[in-house]
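In what follows, chains are A, B, ... by sequence order, proteins preceding strands, each numbered from 1.
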Amino acid sequence: MRKHTESRRDFLRKGGIAGVAGLSVSLAGCPGADEGAAPADDSTDIDTDAELTEPVPELDFVMPTEGSNAERHELSLLAASSFEEVGFEINRRQLDFETQVSVALVEHDFDINVIGWGGTPERIDPQTFISDLHEGLESNVGPGGRNSPGYDNPEYNEIAAEQFLTVDQDRRQELVYEAQEILARDQPRTYIANEDDMHAYRPGNFQDIVPTMGEGLNSFWNMIEATPVGDRDTLRFGYPTEITSLNPMQDMATPDRQWVRVIYDRLYRVTDEGVPQPWAAADDPTFEDDGETVVVPIREGMTFHDGEPVTAEDIAWSFEYFGEHSVTYGGRMDPVEEVTVTGDHEVTFHLEQAFAPFVANVLAQIYIFPQHVWEDIDDPVDQDDEDYIGSGPYQFDEWRLEEELRLDAFEDHFQAPNVDRIIRVPGADVSTLVRMLEEDEIDMVGATPSVSAQDRLEEDPDVENVFAPTIAFFKFAYNMRNEVMQDVHLRRALSYCVDKHAYVEDMMGGVGTVTHSPIAEVNEFWHNPDVEQFTFDLQAARDELAGAGYGWDDDGRLHYTEDHEPQMFLG
Amino acid sequence: MGLRAYVLRRIGQLLLTYFVFLTILFVLFRMMPGDPTSVFILEGLPAEAREERIEELGFNDPLYIQYFDYMRQLMTGEFGDSIIYREPVVNIIWDKVANTLFLMGSSLILAYTIGILGGALMGWYRGTRFEKIGIVGVLTARSSPEFWIGIILLSVFVFWLGWFPAAGMRTVGLDSGEGIWRFLNRDFLWHLFLPMLTGAIFFTATPALLMRNTMLDVLDEDYIEVKEAEGLPERRILYRHAARNSILPVVTVLAIVTGAAMGGSVIIETVFNWDGMGRAIVDAVNRRDLPLAMAAFFIMGSLVIFMNFVADIAYVYLDPRVEYE
Amino acid sequence: MATRTRPGWRDLPEKLSSGSRWIAGKFRVFEGDRIGQTGLVLLFGIILIGIFGRPITLDLFGMSQTLQPFSLAPYDPSVSHRGPDGRLLRLEGPSWAHPLGTNHLGRDVLSRVIVGARVSLIVGTIAAFMAVFIGTNIGLTAAYFGGWVDDVLMRITDIAYGLPFLPFAIVLLAIMGQSIYWIIFAIVIILWRSTARVIRSQVLSHKNRPYVESAEAIGASNLRIMYIHILPNVLPLAFLYAAFAVGYAVIAEASLSFLGFGPPEMISWGGMIFTAFNQDAIRQAWWWVFPPGLMIMFFVMSVFFIGRTLEMVVNPELRHRE
């Protein structure tokens with residue numbers, strides 16, 4: 001019986017894909033990956049006496065195309081058929097990356113959306129993943145905000161707001177733990193996995209590499225620590241996309257930032273552990289007035305690439321200037337009222353109120369510009385300094401778009417790199433770069449090759465794979481603006497249908513970590529290991545639904561019953 | 001109608017075609033969903049900053065103003081700023097045009113050289129085994145999509161023999177000179193070889209088959225028999241007389257093949273990571289960099305339309321038997 | 001007439017034999033033509049694979065009817081196979097169980113190659129025949145009426161000539177979403193133009209022939225002259241173009257699929273190569289790349305070979321010379 005309804009629904013779905021019945025069959029050959037799944041227990045095992053009312057509406061499932069992300073694409077198809085097995089009707093909508101982001105994050109036109117959040121070092125601090133992604137502020141929930149589910153739980157909002165203001169680390173940790181528990185309970189998103197990095201390099205050409213969490217070989221530390229073997233003097237580094245701009249006033253994308261930051265220094269640099277370490281600052285900052293005043297001592301003897309000294313005035317000016325002109329991240333300076341020069345080698349920041357991640361998210365993010373160069377530039381956003389004069393460990397040499405970016409070591413830097421020159425090579429995709437790596441045309445690749453390529457590189461004696469865990473996480477988001485998704489039990493049931501282990505083992509080839517929280521396990525201090533876990537279990541999904549007033553008709557299709565009362569949050 | 005009047009009329013039609021083409025281009029690109037700023041949300045771009053950027057890009061202007069701006073920009077030969085690179089498109093696009101022209105130009109030259117010679121020989125040795133093999137070979141090449149030819153060449157010459165570089169246009173870190181010398185040097189030609197060969201194999205069929213057919217026509221004509229009777233050496237008749245007279249239609253078709261080759265560059269450039277216009281279109285469309293995508297499309301389309309025009313004119317000009325209507 | 005009174009079925013044997021004679025007549029051009037015969041064999045083989053690759057089930061109004069239960073494909077093409085230890089059989093080379101190995105998700109490549117035939121067959125034929133249908137009608141109309149009708153139609157053809165195929169299709173699919181219908185649409189938009197031009201010039205040469213003039217003299221309608229008198233004379237040429245168009249359409253579909261714009265959730269040869277390329281497996285997994293590539297090549301070769309033979313019928317001068 002069960003088997004029968006299964007296949008029937010499959011036919012209907014295939015019909016839906018192609019519309020014309022006759023054509024559909026012949027074309028659809030065999031779409032989804034569902035046929036292999038063993039038919040689970042009959043849904044009618046769960047007895048509900050309540051009368052069925054209307055069917056649960058079809059869910060609009062927005063997923064990436066194979067071209068934009070093959071692994072997530074496969075998991076989405078797998079999950080879609082599990083959803084159907086439990087009785088949902090699913091409308092699969094495959095979109096290329098840009099359209100998907102725009103549909104999901106700006107137009108909010110979806111029920112389920114598949115997307116990941118990158119794991120750059122400033123996100124080690126839980127502010128981004130706890131508050132920006134889940135707090136119900138207008139700027140997060142509105143179009144273009146990062147809380148795409150529109151999750152707005154008053155209890156949660158309070159905790160999220162409080163952790164932001166809590167400077168005491170242990171107290172803040174408790175709050176962040178509590179926040180993760182609530183998220184796990186409410187499942188505004190299904191947190192699936194951290195997609196770890198597996199980068200590759202040629203150990204015959206370079207040694208002393210420093211892969212870091214979330215960035216692998218792209219890490220700032222790798223760029224200055226990597227040491228050439230023999231009489232080599234150039235590091236040839238491959239990355240799949242081209243930089244869009246080196247202008248520090250508009251560093252929008254991660255690949256841009258990776259290179260802007262080696263040319264322009266920052267006061268602090270976030271280490272592998274996510275701790276800001278003094279860099280252009282001589283020491284840790286001193287907090288005064290309950291954290292509303294922050295005094296930063298400046299390192300002595302630094303110069304810009306043009307030979308001019310880096311002064312406290314330059315630094316104070318840079319922060320003010322950035323806050324005023326940077327369209328993209330000028331907002332970072334919003335909590336700062338004023339920056340003053342309080343000594344030859346001291347700068348003081350006056351804040352509106354204490355702000356926990358101030359060092360990590362402001363002092364360790366904003367660049368130091370030479371005032372004497374940028375003063376004369378009329379429109380800082382459009383007109384960059386063509387020579388890109390900063391004070392970082394590398395100085396700009398030449399940039400040929402889509403071909404090469406060449407940087408030279410800045411020998412006068414207090415931590416000059418171990419190579420004389422670094423050349424960044426963009427490729428059309430990772431596989432092109434892997435090909436070049438195998439042929440010894442480049443030395444390192446700062447992106448994760450496909451599982452097939454990883455296996456091949458594993459056997460190549462000249463190439464070594466380098467593992468780096470990440471805090472980046474990948475999830476399904478449930479749009480709580482739509483009535484159907486507002487029910488917490490429905491969301492929890494969907495979470496039971498996602499095979500997180502299959503994703504990590506089969507699609508990622510084991511390079512990944514199953515997660516149940518937005519804060520990754522590797523982010524030890526902030527990660528709460530005891531949250532509720534959702535692992536693949538279709539029966540659990542059915543039980544969750546049955547217990548919340550859902551029922552099934554003879555075709556196995558999910559309906560509401562009279563008993564159903566929507567509940568937005570648990571607890 | 002005289003030749004002159006005909007040419008003038010064709011120019012008028014060309015302009016009209018062109019205008020419609022540009023309008024279609026505008027409509028297509030305005031219909032494209034998604035906007036180039038959304039993707040930065042994932043990078044942490046605040047909502048307000050995104051709004052500002054959209055305003056700045058002019059996407060909020062009424063459509064007719066956008067259309068007007070667009071036409072004006074094209075007339076003045078500037079294409080606005082690339083959204084992704086935040087640089088004027090003109091600074092980016094011409095390099096890519098040059099790269100594509102070098103690739104497809106050399107491919108076509110090679111394809112035509114092989115095609116014309118091979119076609120002439122096939123015509124000359126009609127009915128022989130050689131002709132049969134030639135036809136099968138040419139049709140097989142024409143039956144293989146460019147990516148398939150490219151992958152075979154990669155497998156053999158890069159993965160197996162290791163004779164040619166894996167991808168790209170130049171060896172990383174090599175200074176190859178400025179201006180035209182960036183292209184005319186050993187390293188570039190070494191990188192050019194496989195992608196060029198891919199295109200050449202695919203495009204050989206058209207000139208080869210056409211050449212063979214016209215050869216057959218020419219060979220039937222009386223004067224060839226006269227030459228044979230005169231006792232001229234075979235080779236001399238083949239090259240001096242028969243081939244020479246067959247070549248005309250093959251040349252006029254070149255214009256149309258050029259158009260097809262432009263579209264085909266998308267594939268070859270993807271397989272070999274060649275930084276040309278074709279790949280620029282795919283990348284720019286995928287990243288919703290509309291000004292860049294439109295400029296690349298515009299240049300490609302213009303080239304195709306122009307080459308078709310040249311083919312028409314060349315046809316009537318070279319072959320006086322053709323009527324002007 | 002006396003024959004009219006005879007029941008229709010009595011004519012059947014006669015009709016059948018005349019029909020088969022007609023068909024045999026058409027096939028006669030393939031006699032002694034090895035290239036054409038090869039084409040026929042290849043095409044026949046691919047059509048068989050297309051029909052018997054997977055069962056065909058027709059689903060109408062909730063009733064499903066199995067039309068063809070046979071499955072050439074040894075496995076369900078979307079099942080991931082696992083070894084005895086439960087590990088995914090990722091990129092396993094050819095073996096008895098999987099004659100063409102497995103892909104990156106442990107799926108049977110042979111089954112996928114077999115199933116992929118359908119997309120190519122359907123896209124190829126539908127796109128080609130639609131393109132030739134449109135092209136023939138436009139060419140016929142333009143040439144027959146001449147004047148402004150001709151002008152307008154030929155300008156439209158010029159514009160179609162100005163659209164580079166792949167860039168145009170990519171933009172179109174980015175707008176409309178990646179569906180097989182839009183892929184066919186894009187191919188048709190680009191393919192009809194050459195048929196239109198050729199048919200037009202062919203019709204122009206027929207327009208002033210005596211048979212058309214006599215039809216006009218007895219007051220036949222425009223439509224009648226166009227479709228009853230002229231069309232049959234240019235139809236062979238249209239068929240020839242259709243044969244070639246199938247080839248171009250298959251290459252076009254494969255190219256789009258290779259760029260990642262193929263129909264999602266449908267197994268196609270171009271799409272298989274795209275996945276292999278995208279998964280960076282072309283270096284080691286020849287069993288995954290070469291079979292679909294060869295299949296595309298064989299399919300296109302078959303129609304080109306057949307087309308070449310037909311060309312000699314349409315254009316008999318070519319035949320006399322061989």
Side-chain angles (χ1 to χ4, degrees), chain B residues 13-14 16-18 20-21 24-25 28-29 31-34 126-127 131-132 135-136 139-140 142-148 151-152 154-155 159 209 213 216-217 219-220 256 259-260 262-267 270-271 277-278 281-282 285-286 288 293 296-297 300-305 308-309, chain C residues 34-35 38 146 151 154-156 158-159 161-177 190 204 247 250-252 254-255 258-261 270 273-274 276-277 282-284 286 289-290 292-294 296-305 307-308 315 317-318 321-322:
Chain B
Q13 290 170 350
L14 174 78
L16 183 72
T17 310
Y18 210 56
V20 178
F21 166 73
I24 291 178
L25 198 60
L28 276 179
F29 279 84
M31 279 166 69
M32 203 172 284
R126 59 191 148 161
E131 192 207 10
K132 275 246 153 79
I135 289 180
V136 171
L139 284 180
T140 308
R142 185 65 185 81
S143 304
S144 316
E146 286 145 309
F147 62 85
W148 171 237
I151 285 176
I152 292 177
L154 262 183
S155 304
F159 301 157
L209 293 178
N213 289 353
L216 292 180
D217 281 335
L219 287 175
D220 272 355
I256 292 170
M262 285 298 130
S265 67
V266 177
I267 299 269
T270 304
V271 174
M277 260 190 301
I281 287 189
V282 180
V285 166
N286 276 334
R288 296 294 182 271
F297 204 126
M300 232 183 223
S302 303
L303 217 91
V304 176
I305 293 177
N308 285 328
F309 172 75
Chain C
R34 293 281 273 290
I35 298 180
T38 313
D151 244 10
M154 284 303 108
R155 290 301 73 73
I156 295 176
D158 282 351
I159 293 163
Y161 264 103
L163 296 172
F165 170 65
L166 281 173
F168 168 72
I170 288 166
V171 172
L172 186 78
L173 295 173
I175 298 169
M176 296 303 176
I190 301 297
L204 279 179
V250 169
I251 290 186
S255 299
F258 173 74
L259 290 173
F261 291 89
I273 297 181
F274 161 68
F277 194 77
I282 52 169
R283 201 180 191 116
Q284 71 254 53
W286 54 268
V289 185
F290 281 65
L294 286 172
I296 299 173
M297 202 170 90
F298 287 150
F299 189 10
V300 180
M301 265 164 76
S302 74
V303 290
F304 280 2
F305 284 2
R308 190 187 147 276
N315 193 354
E317 285 165 40
L318 285 175
R321 286 203 214 103
E322 303 249 338

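What you find for C/Ala174 and B/Val285 is that their closest heavy atoms are CB-CG1, 3.6 Å. The minimum heavy-atom distance between B/Ala296 and B/Ile281, with the atom names listed, is CB-CG1, 3.4 Å. In plain terms, the two heavy atoms of C/Gly247 and C/Phe304 that are nearest each other are CA-CE1, 3.8 Å. Between C/Pro164 and B/Phe297, the shortest heavy-atom distance links the atoms CD-CE2, 3.9 Å. Annotation for B/Phe21 and B/Ser302: closest pair CE2-N, 4.3 Å, computed over non-hydrogen atoms. Closest non-hydrogen pair, B/Ile267 versus C/Phe258, comes out as CD1-CD2, 4.0 Å.
Taking chain B as the reference chain and counting heavy-atom pairs below 4.5 Å, the highest number among C/Val250, C/Leu163, C/Ile170, C/Val303 is found for C/Ile170. Most heavy-atom pairs under 4.5 Å with chain C: of the set B/Arg288, B/Glu146, B/Met277, B/Gln13, this distinction falls to B/Gln13. Contact tally against chain C (heavy-atom pairs below 4.5 Å) for B/Val282, B/Leu303, B/Val271: the top residue is B/Val271. Per-residue counts of heavy-atom pairs under 4.5 Å with chain B were compared for C/Val289, C/Thr38, C/Leu172, C/Ile190; the largest is that of C/Val289.
Contact of C/Phe274 with chain B is not made at all, since no heavy-atom distance falls under 4.5 Å. Of the two parts of B/Met32, the backbone and the side chain both hold a non-hydrogen atom closer than 4.5 Å to a non-hydrogen atom of chain C. Only the side chain of C/Met176 comes within contact range of chain B, with at least one heavy atom under 4.5 Å from a heavy atom of that chain. When heavy atoms are compared at a cutoff of 4.5 Å, C/Phe299 does not approach chain B at all. At a 4.5 Å heavy-atom cutoff, the contact between B/Ser155 and chain C is made by side-chain atoms alone. For a residue to count as touching a neighbouring chain, one of its non-hydrogen atoms must lie under 4.5 Å from one of that chain's; by this rule B/Leu154 touches chain C with the side chain only. No part of B/Leu25 comes within reach of chain C, as not one of its non-hydrogen atoms sits under 4.5 angstrom from that chain. For a residue to count as touching a neighbouring chain, one of its non-hydrogen atoms must lie under 4.5 Å from one of that chain's; by this rule B/Leu28 touches chain C with backbone and side chain alike. With a threshold of 4.5 angstrom between heavy atoms, B/Arg142 approaches chain C through its backbone and through its side chain. Heavy atoms of C/Ile273 lying under 4.5 Å from chain B belong exclusively to its side chain. Proximity to chain B is absent for every atom of C/Ile156, based on heavy atoms less than 4.5 angstrom apart. Heavy atoms of B/Leu16 lying under 4.5 Å from chain C belong exclusively to its side chain. For a residue to count as touching a neighbouring chain, one of its non-hydrogen atoms must lie under 4.5 Å from one of that chain's; by this rule C/Ile159 touches chain B with backbone and side chain alike.
Counting heavy-atom neighbours within 6.0 Å of C/Arg34 CZ, excluding the residue itself, gives a total of 12 or less.
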Practice prompt. Could you give me the CA-CA distance, side-chain angles and deciding distance for B/Ile305 and C/Asp158, then say whether side-chain contact (heavy atoms from CB on, under 4.5 Å) is met?
Written response: CA-CA 8 Å; B/Ile305 293 177; C/Asp158 282 351; over 6 Å; no
Practice prompt. Give the intermediate values and the outcome of side-chain contact (heavy atoms from CB on, under 4.5 Å) for residues B/Phe29 and C/Ile175.
Written response: CA-CA 8 Å; B/Phe29 279 84; C/Ile175 298 169; over 6 Å; no
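Contact of the B/Asn286 side chain with the C/Phe261 side chain is registered, since non-hydrogen atoms from C-beta on lie closer than 4.5 Å. Put simply, the side chain of C/Leu259 does not reach to within 4.5 Å of the side chain of B/Phe147, judged on heavy atoms.
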